[in-house]
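Report on the structure given below.
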Amino acid sequence: MIRTLAVLSVTALMATSLVAAPCKDAKGKFTKCPPAAAAAAPAFNKDAKGRCHVASGPKKGQLMKCPK
């Protein structure tokens, strides 16, 4: 029982260290991480009246605020 808990705790520590890894450049120096790709504006289509619509996904075709 104690051995199982020890293995689980070591595995959890290794997983968290992999997830929280800082960004590095090509030379191996620590750098500021770029913003997440999810923060990018969604793809859109403009109709003839100049309104923007979501291009794909579950909200495809719905009106959206046009990105600047």
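Between Gly50 and Cys66, the closest heavy-atom pair is O-SG, 4.0 Å.
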Throw together a table of side-chain donor-acceptor distances under 3.5 angstrom for residues 23-34, partners on residues two or more places apart or in other chains.
residue : atom : partner : partner atom : Å
Asp25   : OD1  : Lys27   : N            : 3.1
Asp25   : OD1  : Gly28   : N            : 3.1
Asp25   : OD1  : Lys29   : N            : 2.8

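In the hydrophobic clustering (ILVMFWY side chains linked at under 4.5 Å, chained through shared members), Phe44 is joined by Val54, Met64.
Listed by first and then second residue, the salt bridge (charged side-chain N to carboxylate O under 4.0 Å, His left out) pairs involving residues 44-53 are Asp47-Arg51 (not counting sequence neighbours).
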